[in-house]
Amino acid sequence: MCGIVGFTGLRHAAPVLLDGLKKLEYRGYDSAGLAVMNDGVLSVKKVSGRIANLCEITKDGNTMPGEVGIGHTRWATHGAPTEENAHPHLSNDGKFAIVHNGIIENYIKLREELTERGYHFDSETDTEVIVHLLEMYYKGDMRKTLIKVVNRLKGSYALGVICADEPGKIFAAREASPLIIGLGLDENYFASDVTALVSNTRNVIYMDDGDFAELTSDSVVIFDGTARPVEKKSSRINWDVQAAEKGGFDHFMLKEIMEQPAAVKATTAPRIRKGRIDFEEIDISAAELAGIRKIVITACGSAYYAGCAGRYALEKLTGIPVETELASELRYSDPLIDEHTLVIVISQSGETADTIAAMKECRAKGAKVLAIVNVVGSTVAKLADYTVYTWAGPEIAVATTKGYTTQVTVLYMLSMFFAEKLGRISGKEYDRLMVMITRLPRHIQQAIDMNPRVTELAKKYHKSKALFFIGRNTDYAVALEGALKMKEISYLHAEAYAAGELKHGTIALIEEHTPVIALCCNRKIMEKTLSNIVEVKARGAEVLALTFRDNQKILSEADDLLFMPKVDEIFSAVIEILPLQLLAYHVAKENGCDIDKPKNLAKSVTVE
Ligand code: F6R
């Protein structure tokens, strides 16, 4: 999982490439590089560490003249994040430079073959085989060469190439890794994500698997595996440049937390017509729906936890059994899935390798797949039978926030949409829930308004050795996501437990002043969580409870309190998570962590 960019035009390429790479840094940030072509000569600069280092050694690109170039920001998979392993990689004759996002699965065999043929390798990467294959096959026709080369590759790639014999041109190819062409005036571009393009153009072409592209300053040709040009429609990006900038916030994560009322509104509003929820994108009849015997939700990380949070409403309102399964487990578990199963996959990026593999497995077993996805034109979006976009806008911080809340919101809306189609919800209940859906943005804002209090609490908890998050049912689902947020950005040990499970082992870890964050927003089982609060208090824990102001019993037991807006538990998760996102953020800030780029992580996990 890396980011790639390419530029061809009439101006200095390196600064444009650096600007694009900065926008892609969320995809990987352990090394970076540029290759630029000037008068038929390629020059390459690479660094380990952040793009800032690349800007420094190239004086913001000014020491690299040339109007054509490619760039890369890396999250290391094959080989350490060193300068040698950073992209671009050069062919032995210095004629080709390439950047690559993806994994070449058969690289060991190819490396042996190429070594035998006399090519020498400068890096430990899987990618380097590609550049030597280019040199080996090139006989003056770049299009044919590129096709020959990718025919030798197994795996995934978004590939960018420049060739000293092809002045003014950049080439690209895509298979199972995102790649988008940007269409400019007297210049054209490619990038792994539209965020790298919007400061230059809003007109883009989403490449499909098996597509190749040849770009000059004034032409874009997309061709297929037989070198025949293919017609592609261009799309217009409808969000503005500021959406992918910090806009005065210290971190993207804080900005994205604050954007959640608007993001949830963007998810809900277009799908509410005359007081009813309508998903035009789901062309599924009532009869087909009635034939569904179970729903399986699958995803990774926070997207999986979004599934855990949304499954209660889905099961309750539709009456269809709902299972949740981690995509990395499901793909190898030979699941009992058939044409009577509806599989819901959830993915912010739409690129997560395990999620894609799980959805392929489910489709092969005959299931229909509905995808809840944020990134337009992503692999998950393209592969699904029904694609529901969350419309959250670009999410740049590695830790997801608005991605999660909009995913859960879609699940709530799907629950109502399906329940109505199946005739399993009364008009009165539907109207009651509809009011709650339309009020979600307002309630989320009320939860955000707790920020000053959460900031104080972070000062109290940031030195803790370990934190425990407990809850039952929907509260437990939120606890899982709250604990993940805490660990990934603050590096504190944080665990979520179904409150009733504590006494089956984990309570042994509770000692004097251990923070326990108790989620008590599910009225039906609050009393039960209260008994767990009492148990941990008896062992010295400091309890921070999230609950409603009228919950007298918890008020008297907890050490600290955060009061939630009054909402029904069926849709409470998207509101309850807000203070936990803020707590993780402020704890990480207190501890001086790199919040938007946590160690060892990257935004999309395109490897297994
Ligand atoms: C955590 C986080 C990850 C992702 C997971 C799935 O904050 O962002 O756990 O949720 O890697 O990513 P997507 O949703 O892109 O499939």
Side-chain angles (χ1 to χ4, degrees), residues 1 3 26-28 75 101 176-178 192-193 195 251-254 256-257 260 263 297-310 324-331 344-360 369 371-384 387-390 392-411 477-478 480-491 494 496 577-578 580-585 588 593-608:
M1 104 201 61
Y26 72 89
R27 300 177 65 88
W75 186 83
N101 170 35
S177 292
S192 301
D193 183 356
T195 48
H251 298 96
F252 277 110
M253 183 177 177
L254 187 60
E256 287 160 10
I257 290 174
Q260 288 176 102
I297 303 179
T298 189
C300 300
S302 293
Y304 170 73
Y305 293 147
C308 296
T324 48
E325 179 70 284
L326 288 163
S328 52
E329 289 294 317
L330 185 141
R331 64 182 291 192
I344 300 183
V345 298
I346 308 177
S347 179
Q348 190 285 130
S349 64
E351 280 184 53
T352 304
D354 284 322
T355 306
I356 293 168
M359 82 190 275
K360 285 184 179 162
V369 174
I372 301 175
V373 59
N374 191 36
V375 175
V376 176
S378 56
T379 306
V380 169
K382 281 175 196 267
L383 284 177
T387 299
V388 177
Y389 285 115
T390 47
E395 193 178 61
I396 311 287
V398 165
T400 184
T401 51
K402 61 178 181 172
Y404 169 90
T405 43
T406 52
Q407 288 159 355
V408 182
T409 301
V410 169
L411 287 170
V478 179
L480 289 164
E481 172 61 3
L484 177 60
K485 285 281 94 69
M486 185 61 78
K487 341 184 207 223
E488 68 178 321
I489 59 164
S490 77
Y491 317 142
I577 192 61
L578 264 294
L580 303 188
Q581 293 171 344
L582 286 166
L583 186 66
Y585 173 80
C593 302
D594 191 345
I595 293 176
D596 284 337
K597 299 189 187 80
K599 67 178 179 204
N600 304 338
L601 294 175
K603 183 74 182 154
S604 51
V605 186
T606 53
V607 291
E608 197 177 334

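Read the numbers this way: they start at 1 and go in the same order the structure lists the ligands and their atoms.
Of all atoms in ligand 1, numbered sequentially from 1 with element shown, those under 4.0 Å from a heavy atom of T400 are 2 (C), 7 (O), 8 (O). Ligand-side atoms of ligand 1 in range of V398: 8 (O), range being under 4.0 angstrom from any heavy atom. Numbered from 1 in the order shown, with element, the atoms of ligand 1 that lie under 4.0 Å from a heavy atom of A303 read 10 (O), 14 (O). Here is the list of ligand 1 atoms found below 4.0 Å of a heavy atom in E488: 1 (C), 7 (O). Atoms of ligand 1 lying under 4.0 Å from at least one heavy atom of K485, given by number and element, are 1 (C), 7 (O).
Between I489 and C593 there is no side-chain heavy-atom pair separated by less than 4.5 Å. Looking at E351 and S192, their side chains never come closer than 4.5 Å, going by heavy atoms from C-beta outward. In this structure the side chain of Q407 never reaches within 4.5 angstrom of the side chain of T400, judged on heavy atoms.
Closest to atom 14 (O) of ligand 1, if we only count protein heavy atoms, is Q348 N, 2.6 Å. Among protein heavy atoms, atom 12 (O) of ligand 1 sits closest to T352 OG1, 3.5 Å. The protein heavy-atom contact nearest to atom 10 (O) of ligand 1 is S302 N, 3.1 Å. With respect to atom 11 (O) of ligand 1, the closest heavy atom belonging to the protein is V605 CG2, 4.0 Å. Atom 15 (O) of ligand 1 has as its closest protein heavy atom S349 OG, 2.6 Å. Nearest protein heavy-atom contact of atom 5 (C) of ligand 1 is C300 O, 3.5 Å.
When all heavy atoms of A327 and C300 are compared, the closest pair comes out as CB-SG, 3.9 Å. Smallest separation of non-hydrogen atoms from T406 and A392: OG1-CB, 3.7 Å. Of all non-hydrogen atoms in K485 and S302, the two that sit nearest each other are NZ-OG, 3.1 Å.
Side chains of T405 and Q260: a donor on one and an acceptor on the other come within 3.5 Å. Looking only at atom types and distance, the side chain of T298 has no donor-acceptor partner in the side chain of E325 under 3.5 Å away.
Any N or O atom pair closer than 3.5 Å counts here, and S347 shares at least one such pair with ligand 1.
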